[in-house]
**Q** 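This is the structure I want to talk about, given as structure tokens.
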Amino acid sequence: MWFKNLQLYRITDLSKLNADQLDTELRKRPFVPLGATDRLAAGWIPPARHAPDIFAYPNSGAMLIALKTEEKLLPSSVVKEVADERITEIEAKDLRKIGKKEAKEIRERVAEELLPRAFSRSRVLRALIDFEAGWIWVDSATPAKAELLIQFLRESLGTLPTKLPQTQLDPVTAMSTWLEHDAPSNFTLDADCVLKAPGDGGAQVTCRRHDLNSDEVKQHLKTGKLVTQLALSWDERIAFVLTDKLHIKRLTFLDLLEDQIKEANAEDAAAMFDTTLTLLAQEGRGLIAAVIEALGDELGEIAAPTAPIAAPAPAPQAPAPATAGKVDVPW
């Protein structure tokens with residue numbers, strides 16, 4: 001299961017999202033590698049290697065998309081070291097003290113000079129837009145990275161009505177109750193959890209491969225600690241960790257779904273990709289619905305879904321690289 005994390009965004013009005021136009025809009029902002037003087041770049045890439053002309057890959061009422069980012073690695077310590085040497089040389093030569101404003105300008109010039117020689121690092125963020133259930137799932141353990149994809153998608157489409165999900169029951173309260181008593185229907189407690197005392201400086205206990213039904217673990221609840229992360233399995237199909245922010249982490253297909261993949265007997269990599277994506281979309285949809293239901297359902301109303309997604313038309317030629325985006329990446 002190659003989605004390891006689910007950062008969830010609720011699509012509040014599916015009528016504003018046109019599945020038929022999604023592929024066309026994404027290909028207008030393709031990824032282009034950084035130039036010599038660029039610091040950051042981001043753009044869309046085809047999410048499936050066997051389908052290099054499809055930027056929004058349809059499957060099971062959803063579309064898979066992928067955002068590639070590239071960032072120049074220029075440590076501030078390196079810039080500071082070179083800038084300090086230059087400042088020392090200027091002060092010795094001109095017999096004067098460099099002020100704060102001039103020192104800042106020197107550091108900026110040094111950074112510009114070093115940038116063409118800096119190494120770069122690229123990442124690929126994947127997301128599934130679930131038109132059937134009205135969700136966007138971003139495969140990222142870091143909220144800032146997930147928000148980058150959502151921000152870039154919003155800019156690419158011109159509109160993207162989303163919000164972070166809110167449930168009737170607070171996840172911390174619910175998870176603490178489950179640990180103290182029992183997991184909700186179709187869920188099973190696994191062997192990991194994190195408990196934390198209220199407050200910014202509250203004591204924290206992390207349990208790994210531990211019997212969560214033991215008196216030792218429950219004693220932490222009695223002393224006032226609350227559960228902020230809890231490992232669960234759902235319907236003997238998926239194992240995961242639920243957090244206090246309603247993030248789903250460490251997703252793993254269990255034996256039942258692994259057997260389904262093997263029984264599918266995919267003939268090649270493309271068929272295996274589709275088989276796995278189908279299970280990801282269908283089972284992930286079921287898992288999210290079950291988690292939300294266990295938390296008392298969502299707050300607020302969601303606009304009705306649009307029509308089912310049709311297969312994409314033959315892809316037009318990609319636009320010129322000049323349309324690619326350069327963005328500020330928040331990490």
Side-chain angles (χ1 to χ4, degrees), residues 1 3-10 130 132-135 137 139 141 143 163-200 202-261 279-302:
M1 186 172 189
F3 267 45
K4 297 298 182 185
N5 307 279
L6 299 182
Q7 296 272 347
L8 302 178
Y9 292 83
R10 170 56 87 181
D130 184 358
E132 184 174 309
W135 291 103
W137 325 338
D139 181 16
K163 68 175 184 178
L164 295 174
Q166 289 183 298
T167 53
Q168 300 284 348
L169 298 177
D170 175 62
V172 170
T173 302
M175 290 189 294
S176 300
T177 301
W178 300 344
L179 182 59
E180 184 175 9
H181 300 289
D182 198 8
S185 177
N186 293 331
F187 289 91
T188 305
L189 294 179
D190 280 348
D192 296 351
C193 73
V194 176
L195 302 103
K196 186 178 182 299
D200 293 336
Q204 179 173 298
V205 175
T206 300
C207 300
R208 299 286 189 197
R209 296 181 293 278
H210 207 91
D211 179 9
L212 299 188
N213 290 311
S214 67
D215 292 338
E216 179 185 355
V217 173
K218 294 184 184 297
Q219 182 61 34
H220 290 295
L221 294 172
K222 294 179 181 179
T223 60
K225 295 184 180 68
L226 299 171
V227 179
T228 58
Q229 294 188 35
L230 184 62
L232 298 158
S233 60
W234 171 67
D235 204 25
E236 299 182 355
R237 305 172 76 80
I238 298 177
F240 66 101
V241 172
L242 182 64
T243 78
D244 55 339
K245 304 298 183 184
L246 200 49
H247 298 161
I248 296 174
K249 299 184 176 183
R250 287 166 45 188
L251 277 171
T252 307
F253 279 164
L254 297 181
D255 291 344
L256 184 63
L257 294 185
E258 290 288 354
D259 290 343
Q260 286 185 234
I261 293 176
L279 277 179
L280 172 66
Q282 295 177 351
E283 299 296 333
R285 185 179 292 141
L287 169 65
I288 292 170
V291 169
I292 296 297
E293 182 181 2
L295 293 171
D297 292 324
E298 288 181 86
L299 294 171
E301 297 183 358
I302 307 300

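Numbering starts at 1 and runs along the sequence shown.
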**Q** Taking atom CD of Gln166 as the centre, report whether more than 12 heavy atoms of other residues, nucleotides or ligands fall under 6.0 Å from it.
**A**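 Not more than 12 within 6.0 Å, no.
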
**Q** Quick one: CG on Leu6 to NE2 on His247, what's the gap to the nearest 0.5 Å?
**A**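 One finds 10.5 Å between CG of Leu6 and NE2 of His247.
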
**Q** Quick one: closest heavy-atom pair of Leu299 and Lys163, and the distance?
**A**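 Closest approach of Leu299 to Lys163: O-NZ, 3.5 Å.
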
**Q** Just by distance, do the side chain of Arg209 and the backbone of Ala191 share a donor-acceptor pair under 3.5 Å?
**A**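 No, Arg209 side chain to Ala191 backbone: no donor-acceptor pair under 3.5 Å.
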
**Q** For the CD1 atom of Ile292 and the CG atom of Leu287, what is their distance to the nearest 0.5 Å?
**A**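 Interatomic distance, Ile292 CD1 to Leu287 CG, rounded to 0.5 Å: 9.5 Å.
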
**Q** Quick one: closest heavy-atom pair of Leu169 and Ala174, and the distance?
**A**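 That would be CB-CB, 4.4 Å.
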
**Q** Is there side-chain contact between Leu295 and Leu246, with heavy atoms separated by less than 4.5 Å?
**A**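 Yes, close enough: below the 4.5 Å cut-off.
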
**Q** To the nearest 0.5 Å, how far apart are CD1 in Ile248 and CD in Gln7?
**A**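 With rounding to 0.5 Å, CD1 (Ile248) is 10.0 Å from CD (Gln7).
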
**Q** Spell out, as yes or no, whether a donor-acceptor pair under 3.5 Å connects the side chain of Asn5 to the backbone of Lys249.
**A**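 No.
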
**Q** Are Arg250 and Asp192 ion-paired here, with the side-chain N under 4.0 Å from a carboxylate O?
**A**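 Looking at Asp192 together with Arg250, the answer is yes, because their closest N to O distance falls below 4.0 Å.
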
**Q** Please work out which of the three classes, parallel, tilted or perpendicular, describes the rings of Phe187 and Phe240, given edges at 30° and 60°.
**A**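 Because their plane-to-plane angle is over 60°, the rings of Phe240 and Phe187 count as perpendicular.
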
**Q** What distance do Leu254 atom CG and Ile238 atom CD1 have between them, rounded to the nearest 0.5 Å?
**A**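 Spacing of CG (Leu254) from CD1 (Ile238) equals 7.5 Å.
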
**Q** Which atom pair, heavy atoms only, marks the closest approach of Ala133 to Arg285?
**A**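 So the two residues come closest at CB-CG, 4.0 Å.
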
**Q** Measuring from atom CG of Leu179 to atom CG of Asn213, what distance do you get when rounded to the nearest 0.5 angstrom?
**A**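 Those atoms lie 8.0 Å apart.
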
**Q** Just verifying a value: how many Å separate Cys193 SG and Leu242 CG, rounded to the nearest 0.5 Å?
**A**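 Rounded to the nearest 0.5 Å, the SG-CG separation comes to 12.5 Å.
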
**Q** Hey, does the side chain of Lys218 reach the backbone of Glu180 with a donor-acceptor pair shorter than 3.5 angstrom?
**A**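 Checking the backbone N and O of Glu180 against the side chain of Lys218, a donor-acceptor pair under 3.5 Å is found.
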
**Q** Minimum heavy-atom separation for Ala281 and Trp137, please, with both atom names.
**A**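 Result for this residue pair: O-CH2, 3.6 Å.
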
**Q** Go through the structure and list residues passing salt bridge (Lys or Arg N to Asp or Glu O under 4.0 Å) with Arg237, not counting sequence neighbours.
**A**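 Scan of Arg237 (salt bridge (Lys or Arg N to Asp or Glu O under 4.0 Å), adjacent residues dropped) gives Glu283.
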
**Q** Quick check on Lys245: does its NZ atom have over 12 non-hydrogen neighbours (other residues, nucleotides or ligands) under 6.0 Å away?
**A**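 Counting other residues, nucleotides and ligands, NZ of Lys245 stays at 12 neighbours or fewer.
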
**Q** If you apply the rule side-chain contact (heavy atoms from CB on, under 4.5 Å), what do you find for Leu230 with Val241, and how did you get there?
**A** CA-CA 5 Å; Leu230 184 62; Val241 172; over 6 Å; no

**Q** For Thr206 versus Arg208, what's the shortest heavy-atom pair and its separation?
**A**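 Between these two residues, the closest heavy atoms are CG2-NE, 3.7 Å.
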
**Q** Taking the side chain as every heavy atom from C-beta outward, state whether Leu221 and Val227 have any atom pair closer than 4.5 Å.
**A**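 Yes. Closest side-chain heavy atoms under 4.5 Å.
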
**Q** For Val217 and Cys207, which heavy atoms make the closest approach, and how far apart are they?
**A**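 Nearest heavy atoms, Val217 then Cys207: CG2-SG, 4.2 Å.
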
**Q** In this structure, are over 12 heavy atoms from other groups packed under 6.0 Å from Gln168 atom CD?
**A**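 For Gln168, atom CD is crowded (more than 12 foreign heavy atoms under 6.0 Å).
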
